[in-house]
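This report refers to the structure that appears directly beneath it.
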Amino acid sequence: PCLQRKISDYFEGD
Amino acid sequence: MLELRLVQGSLLKKVLEAIKDLVTDANFDCSATGFSLQAMDSSHVALVALLLRSEGFEHYRCDRNISMGMNLNNMSKMLKCAGNDDIITIKGDDGSDTITFMFESPTQDKIADFEMKLMDIDSEHLGIPEAEYHAIVRMPSAEFSRICKDLSSIGDTVVISVTKEGVKFSTRGDIGAANIVLRQNTTVDKPEEATIIEMNEPVSLTFALRYMNSFTKATPLSSMVTISLSSELPVVVEYKIAEMGYVRFYLAPKIEE
């Protein structure tokens, strides 16, 4: 089973 | 008032073909810096960032920062009506809910106007800081495209591993497994045929091939692609657009639970 995080988990909103 | 004249109109056509399957609707932002876009795919695991710098346009007028929501499929339909040699001008008026694409043939004997409706798009803009990557692979974009296509006939995911031996692309599926290793190769006739591997430390990450294959639709924009890998960050697959900017695709890795 693989987990894929969302892009917003890596980068913060401006 | 907005007026952006791009002599090499085919670049904009290629940009749309590169991103329209990944992103449905997006806000294009226009500022003194240039014409840019940041958008995520519907599942929010991939992000595309586009920049066409103002200096790359023959004429660039953008009186105030403006964000214009566009359906990329509709935009692509309109840009497909421009010839590959056409000059494309993007025109917009303050407060208007439409944007106009003007196509001029190189000999100026055919001029077309296509008006497209804009849309309101509520999208989150992410700050993407400069980062140190564990490894950066620069390789011919056509080779990367070929590898992604070949591997996707075997499996659904690709493991990209960079070691001092080179870069390895691996997959596994019901019918078997495949490994493709590229070694650094700078002894080529043309710089665009080189494979350059910068490694700070070994890294190995797994990605969905469906997304990688989607990114390779940007191949016509650049003869080279740069893949930046870090175990703590999404991979960056970058296609530089000559003298204008870039299309960068970010994809979150698959993590073993």
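The figures here come from the full heavy-atom set of this structure, side chains too, leaving out hydrogens, waters and symmetry mates. All of these numbers come straight from a predicted model, not from anything done at the bench. Proteins come first, then strands; the chains are lettered A, B, ... in the order of their sequence lines, and each starts at number 1.
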Let me check something: any side-chain donor-acceptor pairs from residues 233-241 of chain B under 3.5 Å, sequence neighbours excluded? List them with distances.
from, atom 1, to, atom 2, distance (Å)
B/E238, OE1, B/K240, NZ, 2.9
B/E238, OE2, B/R248, NE, 2.7
B/E238, OE2, B/R248, NH2, 3.1

What distance do A/E12 atom CD and B/H125 atom NE2 have between them, rounded to the nearest 0.5 Å? 14.5 Å

[X] atom [atom1]: more than 12 heavy-atom contacts under 6.0 Å:
{"X": "B/R146", "atom1": "CZ", "answer": "no"}
{"X": "A/D9", "atom1": "CG", "answer": "yes"}
{"X": "B/D120", "atom1": "CG", "answer": "no"}

With ring centroids as reference points, do A/Y10 and B/Y250 lie under 6.0 angstrom apart? no

Should B/I255 and A/Q4 be marked as a side-chain contact (heavy atoms from CB on, under 4.5 Å) after you check the CA-CA gap, both sets of side-chain angles, and the distance that decides it? CA-CA 6 Å; B/I255 302 161; A/Q4 190 158 25; over 6 Å; no

If you check every heavy atom in [range] against those of chain A, which residues fall under 4.5 Å?
{"range": "residues 205-218 of chain B", "value": "none"}
{"range": "residues 25-56 of chain B", "value": "B/M40, B/S43, B/H44, B/V45, B/A46, B/L47"}
{"range": "residues 127-136 of chain B", "value": "B/G127, B/I128, B/P129"}

Compare every heavy atom of B/E124 with every heavy atom of A/G13, then report the nearest pair and how far apart it is. CA-OE2, 4.2 Å

